[in-house]
Amino acid sequence: MKFRKNLSFILAICCLVSALTFSGCSLTDKGTAMEINGVEISDDVFTYFLDLAVVDLGVDAPLKSLKEKATTYAETYFKTNSLAHSQGVTLTIAEKKAVSEKVNAYWGIYGEYYTKIGVTKETLTKIFTADSFREALLVHYYGTGGEEEIPLTRLYAQFKTNYIVFQAITGYLTQTDLNGQAVKINETEKEALVLKFQNMSAMVNAGEQNMEQAADFLAESGYQGSVQTVVLHKDDTSYPPGFFEKVKSTESRRATVIGTEEYIFLVLRGDADTNSSYFNEKRTEMIEIIVGDEIDKKIESSLMVETKIDNSLADGYYSLIAKEKGDKNESHN
């Protein structure tokens, strides 16, 4: 009898625990803020897109507009992943590494903020992986062997329009004074430096020295000098205005001296052909320039979606974002 009483007691406790457990689940299971085609979009992903909408439209934008913008982002994310899956598109090891590096870079800058709004490193990995799938789909359709492969000649013409490849040695026509300000060197020093660069140019063109040897010669003469191989985009602002056009206009494989107010350059422009690593590294970018809009249209039309938002949850996530951004007025309509 004692055993039966103990057993009854144990069973009663188990039932109570079980009841409390399921009751607890029903109380804490708040659902998700967004569903697309019946698939739950994790709240951290939704929050990321809502935050992105706030960045685009401003924290004071109408909440309805913010949720619509976040919905657009989330649907594109869903369609991109779905299309990549249906087409058997996967990421290479290098592409996965690039995603990881991007996640770490973003987390290093925004990690503290993201943590406060419930976005994790795993969230960023999901988002940036979808971004990489878009690029992979671009290559899948328009790259070598794709259904709508872009001719190599067209890609190369685009590369030649947007990039120049050259070697450069840089000299400085300024120096730093005692106050830490950049001041021009005197005319005697300037003339001496220009003459050295002109002599180096003549020696390279005569085949007496290559660019590396010219840089060493410059260093031995008391000036700092090293040769760099540069792949420069036409919109790059790391060089002085007009530099791209000046180098592009030089004769290929002939050293030329180019001067500006603050610098003097010895440049040797190359001809990067379609087999060069310089061209192949930019190949996807050239496809993007030519048909970037087309892949976005293809992704958009790839799937019909029905999206549902739990406005109560969505509004709560907005309030959290607004609070972290220091919004003084959270009463949005």
Side-chain angles (χ1 to χ4, degrees), residues 24-25 27-36 39-82 84 90-136 233 235-238 285 288 296 299 307-333:
C25 286
L27 289 173
T28 58
D29 184 10
K30 57 182 175 50
T32 56
M34 175 178 281
E35 285 187 7
I36 299 179
V39 177
E40 293 183 347
I41 303 301
S42 61
D43 285 357
D44 56 333
V45 170
F46 173 78
T47 301
Y48 175 88
F49 287 130
L50 185 60
D51 179 67
L52 190 59
V54 168
V55 171
D56 283 349
L57 302 180
V59 72
D60 293 320
L63 187 49
K64 180 181 178 182
S65 298
L66 292 171
K67 286 188 284 189
E68 288 174 350
K69 191 75 169 177
T71 298
T72 299
Y73 289 139
E75 289 177 347
T76 298
Y77 165 82
F78 185 84
K79 291 177 181 179
T80 301
N81 285 325
S82 299
T90 58
L91 301 184
T92 64
I93 293 175
E95 288 168 337
K96 290 178 181 177
K97 181 181 178 183
V99 168
S100 178
E101 290 173 349
K102 186 177 180 181
V103 167
N104 288 333
Y106 266 68
W107 195 257
I109 300 172
Y110 305 112
E112 183 177 351
Y113 168 74
Y114 280 143
T115 298
K116 290 178 179 178
I117 65 171
V119 171
T120 66
K121 288 185 77 172
E122 183 181 359
T123 315
L124 297 186
T125 300
K126 294 175 186 176
I127 303 298
F128 297 154
T129 295
D131 291 343
S132 289
F133 276 143
R134 177 194 176 277
E135 187 173 288
H233 189 274
D235 296 327
D236 195 313
T237 58
S238 58
E285 183 181 318
E288 172 72 40
D296 292 326
I299 290 170
T307 303
K308 296 179 181 179
I309 291 182
D310 183 320
N311 285 306
S312 177
L313 288 175
D315 294 356
Y317 290 127
Y318 166 77
S319 295
L320 181 59
I321 291 169
K323 177 183 177 183
E324 292 305 322
K325 289 186 180 297
D327 184 35
K328 302 302 182 183
N329 179 16
E330 297 179 19
S331 57
H332 290 64
N333 298 312

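All residue numbers in this chain count up from 1 along the given sequence.
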Open item on the list: For Tyr106, is the OH atom crowded, meaning more than 12 foreign heavy atoms sit under 6.0 Å from it?
Closed with: no

Task: Min side-chain heavy-atom separation Ile117-Asp51 under 4.5 Å - done: yes

Task: Under 3.5 Å side-chain donor-acceptor pair for Thr129 and Ser132 - done: no

Open item on the list: For Val45 versus Ile41, what's the shortest heavy-atom pair and its separation?
Closed with: CG1-CG2, 3.8 Å

Task: Residues which pass side chain to side chain donor-acceptor pair (under 3.5 Å) with Lys121, listed by chain and number, not counting sequence neighbours - done: Asn104

- [ ] Hey, can you tell me if Trp107 and Tyr114 have their rings parallel, tilted or perpendicular (30° and 60° cut-offs)?
- [x] parallel

Open item on the list: For the OH atom on Tyr113, are there more than 12 heavy atoms of other groups (residues, nucleotides or ligands in this structure) within a distance under 6.0 Å?
Closed with: yes

Task: Any side-chain heavy-atom pair of Thr32 and Lys308 under 4.5 Å - done: no

Open item on the list: Going by salt bridge (charged side-chain N to carboxylate O under 4.0 Å, His left out), name the residues that satisfy it together with Asp236, two or more places apart in sequence or in a different chain.
Closed with: none

TODO: Indicate yes or no: does Glu112 engage Lys116 in a salt bridge with an N to O separation below 4.0 Å.
DONE: yes

Open item on the list: Can you give me the closest heavy-atom contact between Lys67 and Thr71, atom names plus distance?
Closed with: O-OG1, 2.7 Å

- [ ] To the nearest 0.5 angstrom, please state how far the CZ atom of Phe49 sits from the CD1 atom of Ile127.
- [x] 3.5 Å

Task: Test item: Ser100 side-chain N/O and Lys97 main-chain N/O as donor-acceptor pair under 3.5 Å - done: no

Open item on the list: Tell me if the CD1 atom of Ile109 is crowded by more than 12 foreign heavy atoms within 6.0 Å.
Closed with: yes

Open item on the list: Distance check, rounded to the nearest 0.5 Å: Asp131 atom CG versus Glu95 atom CD?
Closed with: 12.5 Å

Task: Over all atoms of both residues, closest heavy-atom pair of Leu63 and Asp315 - done: CD2-OD1, 3.2 Å

Open item on the list: List the residues meeting salt bridge (charged side-chain N to carboxylate O under 4.0 Å, His left out) with Lys126, not counting sequence neighbours, and say none if there are none.
Closed with: Asp44

Task: Arg134: which of Ile299, Thr76, Asn81 passes side-chain contact (heavy atoms from CB on, under 4.5 Å) - done: Ile299

TODO: Of all the heavy-atom pairs spanning Thr90 and Phe133, show the shortest one and how long it is.
DONE: CA-CE2, 4.2 Å

Task: Neighbour count above 12 (heavy atom, 6.0 Å) for Glu135 CD - done: no

Open item on the list: With rounding to the nearest 0.5 angstrom, report the CD to CD1 distance, Glu35 to Ile309.
Closed with: 11.0 Å

TODO: Answer yes or no: does atom CD of Glu68 have more than 12 heavy-atom neighbours from other residues, nucleotides or ligands under 6.0 Å?
DONE: yes

Task: Distance, nearest 0.5 Å, that separates OG1 of Thr47 from CG of Leu52 - done: 12.5 Å

TODO: Could you tell me which non-hydrogen atom of Ala53 sits nearest to which non-hydrogen atom of Ala70, and how far apart they are?
DONE: CB-N, 3.9 Å

Task: Interatomic distance, Ile321 atom CD1 to Leu50 atom CG [nearest 0.5 angstrom] - done: 4.0 Å

- [ ] Mind checking the OH-CZ spacing from Tyr317 to Phe46? Nearest 0.5 Å is all I need.
- [x] 8.5 Å

